[in-house]
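Side chains included, hydrogens not; waters and symmetry mates left out as well; all remaining heavy atoms used. Each chain gets a letter, A, B and so on, in the order the sequences are listed, and its residues count up from 1.
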Number of protein chains: 4
Amino acid sequence: MSIKERPKYKQIIDAAVEVIAENGFHQAQVSKIAKHAGVADGTIYIYFKNKEDILISVFQEKMGDFIRKIRAEIEGKPSAANKLSALVAMHFNQLAADQHLAVVTQLELRQSNKNIRSQINETLKDYLNIIDGIVIEGKAHGVFRETLDTRLARQMIFGTLDETVSNWVMNEFHFDLTALGKPVSELLLNGLTR
Amino acid sequence: MSIKERPKYKQIIDAAVEVIAENGFHQAQVSKIAKHAGVADGTIYIYFKNKEDILISVFQEKMGDFIRKIRAEIEGKPSAANKLSALVAMHFNQLAADQHLAVVTQLELRQSNKNIRSQINETLKDYLNIIDGIVIEGKAHGVFRETLDTRLARQMIFGTLDETVSNWVMNEFHFDLTALGKPVSELLLNGLTR
Amino acid sequence: MSIKERPKYKQIIDAAVEVIAENGFHQAQVSKIAKHAGVADGTIYIYFKNKEDILISVFQEKMGDFIRKIRAEIEGKPSAANKLSALVAMHFNQLAADQHLAVVTQLELRQSNKNIRSQINETLKDYLNIIDGIVIEGKAHGVFRETLDTRLARQMIFGTLDETVSNWVMNEFHFDLTALGKPVSELLLNGLTR
Amino acid sequence: MSIKERPKYKQIIDAAVEVIAENGFHQAQVSKIAKHAGVADGTIYIYFKNKEDILISVFQEKMGDFIRKIRAEIEGKPSAANKLSALVAMHFNQLAADQHLAVVTQLELRQSNKNIRSQINETLKDYLNIIDGIVIEGKAHGVFRETLDTRLARQMIFGTLDETVSNWVMNEFHFDLTALGKPVSELLLNGLTR
DNA sequence: CATGAATGAGAGTTCATTCAT
DNA sequence: TATGAATGAACTCTCATTCAT
């Protein structure tokens with residue numbers, strides 16, 4: 001059995017998310033994560049190379065799920081517009097359903113150093129590629145303007161979603177993120193369609 | 001003469017920007033900033049309460065300039081659309097003209113702890129208010145859709161700009177940020193106008 | 001096994017006494033104590049909350065022994081006068097037998113800050129209570145004058161002992177402290193008895 | 001005019017006593033004393049060699065007065081017993097009349113380093129000599145026991161007074177120190193007389 | 001004489017990582 | 001595999017003292 005499939009691997013990942021969400025990035029010591037996961041400090045180092053590796057793995061594991069679900073959802077959608085709406089909805093819904101994860105990815109993990117963040121960006125590329133795919137498809141099928149620069153469009157889409165979720169987290173969840181799916185989709189589509 | 005007007009105050013602020021840009025947030029020790037500014041370590045503490053205070057002041061001073069220039073530029077513009085275009089152009093141009101500052105505000109200062117970031121967000125509000133003002137004016141004058149949610153529109157605008165600059169910084173300035181002013185303005189206006 | 005029973009706990013306490021005695025309170029750095037104890041700097045902080053905690057613990061541990069031995073010695077003595085003589089003798093003998101400890105308690109630890117000294121005074125109360133007990137017993141059994149104010153008597157007894165030991169330490173041990181047991185007892189008893 | 005007679009000299013001495021009494025020894029920075037005395041930091045160093053010199057001078061100046069008054073008071077007294085009673089009364093009365101001074105000499109100045117304290121002890125010798133004189137006179141005139149060891153007697157007298165005042169200070173002046181003059185004199189005389 | 005801005009040495013504490021058991 | 005005691009490098013901040021004005 002691969003090390004990533006053994007129960008303690010996931011225990012540690014989940015403990016890391018909770019500890020970071022509850023204590024903040026700078027107060028998430030390895031020993032605290034270990035205690036939360038119910039293992040000894042040293043055990044962490046059987047499953048992870050070092051602390052950076054835990055944080056990167058947290059993002060990869062959670063982002064993997066996140067992307068998988070979005071991909072599954074948009075797969076059968078008939079048009080780029082439908083796909084974009086589905087992506088926006090899933091983006092908001094998934095984070096609304098797991099506030100701890102939202103805090104960790106939107107606020108805490110961004111306090112990490114260059115190295116971790118560059119690994120995180122690497123992982124994020126899969127998601128940005130999905131967005132790019134939708135934009136390209138939209139342009140090809142004549143739904144979006146042909147003159148649209150794909151990268152700019154993607155930056156607008158991702159930037160808007162990310163800024164919205166960050167606002168929601170920093171406002172301590174005091175508004176209904178899920179409800180924003182529809183208006184944000186419409187706003188973005190308005191900017192993209194011909 | 002107020003302490004903020006004495007020459008060493010600005011020397012230290014500028015030294016901090018350079019040291020952080022060149023070494024990264026976590027490698028920007030007070031002693032390094034002092035040496036770069038040409039003062040003794042202890043002198044730092046005549047001008048700043050502590051290290052946090054330096055970092056917050058860096059953001060406030062630089063953001064103050066940033067906002068002042070944008071405000072001056074958009075003041076006379078005839079329509080909300082013109083104002084938005086000017087804001088986008090100024091946002092990109094100012095950061096393109098000072099890559100150190102761009103690195104510090106887009107990457108490094110975001111690694112700071114909760115307290116510093118909440119002070120930074122406070123400072124940022126002035127800028128978000130300018131954007132809100134443009135959106136409200138646009139809606140009032142019938143240039144933007146009346147149904148537009150101001151907060152969502154602001155999130156789209158700021159999110160797009162921020163994501164674009166971050167991309168530029170993380171790509172190590174390998175594309176021409178200034179040149180993106182026009183297409184980004186158009187993209188955003190397309191999403192906002194009726 | 002409780003942390004106070006593990007060998008390194010006592011090693012560090014003893015190292016602290018020696019380092020303070022040899023270098024003085026203000027030159028007793030944590031790293032010096034650690035090196036003297038044969039442990040790493042960080043190990044100190046497994047056993048003690050901070051530097052203050054080391055100093056307070058030094059006093060408590062050593063004073064604990066000090067008091068325990070005196071209590072055992074005077075327990076079986078038939079009269080308050082005998083008890084007082086035994087206490088004086090033990091007080092002098094114990095400190096004469098451990099000059100390092102005498103320096104630390106009489107001179108160095110008194111340079112500590114308010115917080116440490118108030119903790120030290122707390123610990124000292126056990127000893128003052130023993131003295132009070134002897135005075136009370138002496139008055140009850142008609143050996144000491146009934147009109148004696150217990151607190152004043154205790155202040156005379158403890159003040160005399162403390163001043164004598166301090167003199168001995170400050171004269172760099174150039175007279176025989178043990179030999180003073182008898183005359184000091186007699187002097188005090190002369191002042192207390194009817 | 002000698003430097004010690006110029007007004008700022010005494011201003012600084014008095015400021016030091018107040019600052020130490022109110023803030024504690026470790027919080028009595030030179031700059032705080034300067035501000036309290038209404039002079040610039042640098043001015044301190046015109047009147048005193050360094051910080052140690054201030055502290056030693058505080059003790060010398062105040063102790064000088066203290067001793068002068070006691071000496072004047074006991075001069076005319078007919079017997080050693082009267083002299084001792086007068087000394088005890090004056091010791092308590094003077095400190096009771098100046099709580100700041102009491103705090104500084106009994107608690108705060110004792111936190112100073114070896115060097116300062118050895119200078120303080122030097123100054124104190126004048127006072128101990130007065131006590132010795134009384135003891136010697138008492139023995140010569142047959143009022144005190146001839147077998148009395150002068151040094152021990154002095155240690156008992158000074159130790160008792162010092163411990164009593166320290167208790168008073170540490171109990172935050174909650175009992176009437178002046179009232180203790182009579183019982184303490186009697187207690188001591190009881191121990192000394194034949 | 002007086003000022004006060006500037007200096008710079010010095011130490012307590014944290015925590016990721018290791019390794020003997 | 002799992003443990004957890006032990007390690008030790010690294011950095012902010014204070015404050016007595018100086019000296020140009």
Side-chain angles (χ1 to χ4, degrees), chain A residues 1 3 6-8 26-35 37-55, chain B residues 1 3 6-9 12 26-35 37-54, chain C residues 1 3 6-9 11-12 26-35 37-55, chain D residues 1 3 6-8 26-35 37-55:
Chain A
M1 184 158 57
I3 210 164
R6 278 158 53 193
K8 287 191 181 171
H26 291 288
Q27 282 306 307
Q29 294 88 348
V30 171
S31 64
K32 216 179 260 174
I33 295 172
K35 181 177 280 182
V39 302
D41 293 17
T43 305
I44 298 268
Y45 291 85
I46 297 171
Y47 292 87
F48 298 90
K49 216 169 78 248
N50 50 33
K51 189 181 179 180
E52 272 195 5
D53 190 25
I54 308 175
L55 303 174
Chain B
M1 183 157 55
I3 211 165
R6 277 156 56 186
K8 291 199 177 162
Y9 179 81
I12 294 167
H26 291 289
Q27 280 307 305
Q29 294 89 346
V30 171
S31 62
K32 218 178 261 175
I33 295 172
K35 181 175 282 183
V39 301
D41 291 18
T43 306
I44 298 270
Y45 292 87
I46 298 174
Y47 292 88
F48 299 91
K49 223 170 70 250
N50 50 33
K51 188 179 176 181
E52 267 195 8
D53 191 25
I54 308 175
Chain C
M1 183 158 55
I3 211 165
R6 277 152 58 183
K8 289 196 177 165
Y9 179 82
Q11 266 174 53
I12 294 167
H26 291 289
Q27 281 306 306
Q29 294 89 346
V30 172
S31 62
K32 218 178 260 175
I33 295 173
K35 182 176 280 184
V39 300
D41 291 19
T43 306
I44 298 269
Y45 291 86
I46 298 173
Y47 292 88
F48 300 90
K49 220 170 72 252
N50 49 33
K51 188 178 178 183
E52 268 195 9
D53 190 26
I54 308 175
L55 304 174
Chain D
M1 182 160 55
I3 209 163
R6 279 160 48 195
K8 288 194 180 170
H26 292 287
Q27 281 308 305
Q29 294 87 349
V30 171
S31 63
K32 215 179 260 174
I33 295 171
K35 180 176 282 183
V39 302
D41 293 18
T43 306
I44 297 267
Y45 290 86
I46 297 171
Y47 292 88
F48 298 91
K49 217 170 76 249
N50 50 32
K51 189 180 178 180
E52 271 195 6
D53 190 24
I54 308 175
L55 303 174

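In terms of heavy-atom proximity, B:Ile3 sits nearest to B:Ile46 at CD1-O, 3.3 Å. Considering every non-hydrogen atom in both A:Asp41 and A:Ala34, the closest pair reads OD1-CB, 3.6 Å. In plain terms, the two heavy atoms of A:Lys51 and A:Gln29 that are nearest each other are NZ-CA, 4.3 Å. Across C:Tyr47 and C:Ile12, no two heavy atoms sit closer than the pair CD1-CD1, 4.0 Å.
Distances from the side chain of B:Gln27 to the nucleotides F:dC11, E:dG12, F:dC15 place F:dC11 closest. Closest contact between the side chain of D:Ala40 and the listed nucleotides E:dT3, F:dA16, E:dT7 involves E:dT3. In this structure, the nucleotide among E:dT13, E:dT7, F:dT17 sitting nearest to the side chain of C:Asp41 is E:dT13. Comparing E:dA6, E:dT13, F:dC13 by their nearest atom to the side chain of C:Val30 picks out E:dT13. Of the candidates F:dT3, F:dA16, F:dA5, F:dA5 carries the atom nearest the C:Ile46 side chain, counting heavy atoms from C-beta on.
Across all strands, B:Tyr47 comes closer than 4.0 Å only to sugar-phosphate atoms, never to a base (heavy-atom distances).
Following rounding to the nearest Å, C:Tyr9 (OH) and F:dA5 (P) show an atom-to-atom distance of 17 Å. Between the CZ atom of D:Phe48 and the C1' atom of F:dT18 there is a distance of 18 Å, given to the nearest Å. Put simply, CG on D:Asp53 is 14 Å from C1' on F:dT17, counting in whole angstrom units. If you take NZ of D:Lys35 and P of E:dG4, they are 11 Å apart, rounded to a whole angstrom. For the pair A:Leu55 CG and E:dA16 C1', the interatomic distance rounds to 12 Å; values are reported in whole Å. Protein atom CD of B:Glu52 is 12 Å distant from nucleotide atom C1' of F:dT12, rounded to whole Å. Rounded to an integer number of Å, the gap from CD of A:Gln29 to C1' of F:dT7 is 17 Å. In this structure, NZ of A:Lys49 is placed 11 Å from P of E:dT18, rounded to the nearest angstrom.
Look at F:dC15: its Watson-Crick or wobble partner, with both distances under 3.5 angstrom, is E:dG8. Across the strands present, E:dA20 finds its partner in F:dT3; the criterion is a Watson-Crick or G-U wobble pair with both atom distances under 3.5 angstrom.
The phosphate of E:dA6 (OP1 or OP2) has a side-chain N or O of B:Arg6 nearer than 4.0 angstrom. Within the structure, a side-chain polar atom (N or O) of B:Lys8 is placed less than 4.0 Å from OP1 or OP2 of E:dA6. Side-chain nitrogen and oxygen atoms of D:Ser31 include none within less than 4.0 Å of the OP1 or OP2 phosphate oxygen of F:dC15. Between B:Tyr45 and F:dC15, a side-chain N or O to OP1/OP2 separation shorter than 4.0 Å is absent.
Using cut-offs of 30° and 60° for the angle between ring planes, the C:Tyr9 and C:Phe48 rings count as parallel.
Between the side chain of A:Lys32 and the backbone N or O of A:Gln27, at least one donor-acceptor pair lies under 3.5 Å.
Of the two residues near DNA chain F, B:His26 and A:Ile44, the one whose nearest nucleotide lies more 5' is A:Ile44. Residues C:Asn50 and D:Val39 both approach DNA chain E. Their nearest nucleotides, taken by heavy-atom distance, put D:Val39 toward the 5′ side.
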